[in-house]
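Quick notes on the structure that follows.
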Amino acid sequence: MKNYVQPGDTLTLTVADVTDATDLSAGDGYLVGNIFDVAATDVAVGDSGEFAVVGVFDLAKVSAQAWTVGAAIYWDTTTGLCTTTSGGNTLIGKAVLAASNPSATGRVRLNG
C-alpha cells in the first residue's frame, strides 16, 4: 500500500503537545487530545519521544478504588491517575487484573 505509514503501536509526540505539559518519566500515562499514551522513555518538556498507544500496562490509579476484570478505566487529567469514574474523564481501556482497595496501580489494556 502506498499510503501505509507505520504499525501504530507507538507514536512520536512532543511533550509540549501533552495536556498540562510536565517532564515525563518512562511509564507515565498522558493524554494528547483523545489519544491516551504511555511514555516509553523519560521525555523533557519540548522534546519528542515515543509513546505506546496499545498494550497492557501497570498504571497509577486512585488508591481507594477496587477494580474488577473488565471494568472500564478512565484517565483523570486533574489527578493524573486511572479511575473507574467516568464523569469528566476519558475512557482509556479495560482493567485486565483485579485491583484491591487500597492499591497504587492497576493493570490496564489500552484502547489504542
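Values in this document were obtained by computation on a predicted structure and should not be read as measured data.
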*Ignoring hydrogens and angles, tell me if any N or O in the side chain of Asp37 forms a donor-acceptor pair with the backbone of Ala52 under 3.5 Å.*
no
*If a pair satisfies ring-ring contact (aromatic ring centres under 6.0 Å, His included) and one of its residues is in residues 74-104, list it, with sequence neighbours excluded.*
Phe36-Trp75
_Test applied, side-chain contact (heavy atoms from CB on, under 4.5 Å); reference residue, Phe57; option that passes from Val96, Thr105, Val108, Leu110_ = Leu110
For [X], check side-chain contact (heavy atoms from CB on, under 4.5 Å) against everything at least two apart and list the hits.
X: Thr90; answer: Leu31, Asn34
X: Ser25; answer: Asp28, Asp42
X: Thr79; answer: Asp76, Leu81
X: Thr12; answer: Ser48, Glu50

_Beyond-backbone contact of Arg109 with Ile73, side-chain heavy atoms, under 4.5 angstrom_ = no
*Under a 4.5 Å cut-off applied to non-hydrogen side-chain atoms, are Phe51 and Leu24 in contact?*
yes
*For Thr84, which residues count as a side chain to side chain donor-acceptor pair (under 3.5 Å) partner, sequence neighbours excluded?*
Gln65
*Any chance you could measure Trp67, atom CH2, to Thr83, atom OG1, to the nearest 0.5 Å?*
8.0 Å
*Under the salt bridge (Lys or Arg N to Asp or Glu O under 4.0 Å) rule, what pairs show up with a residue in residues 54-68, not counting sequence neighbours?*
Asp58-Arg107
*Kindly state each residue pair satisfying salt bridge (Lys or Arg N to Asp or Glu O under 4.0 Å) with at least one member in residues 92-106, sequence neighbours excluded.*
none
*Linking Ile, Leu, Val, Met, Phe, Trp and Tyr by side-chain heavy atoms under 4.5 Å, what else ends up with Tyr4?*
Met1
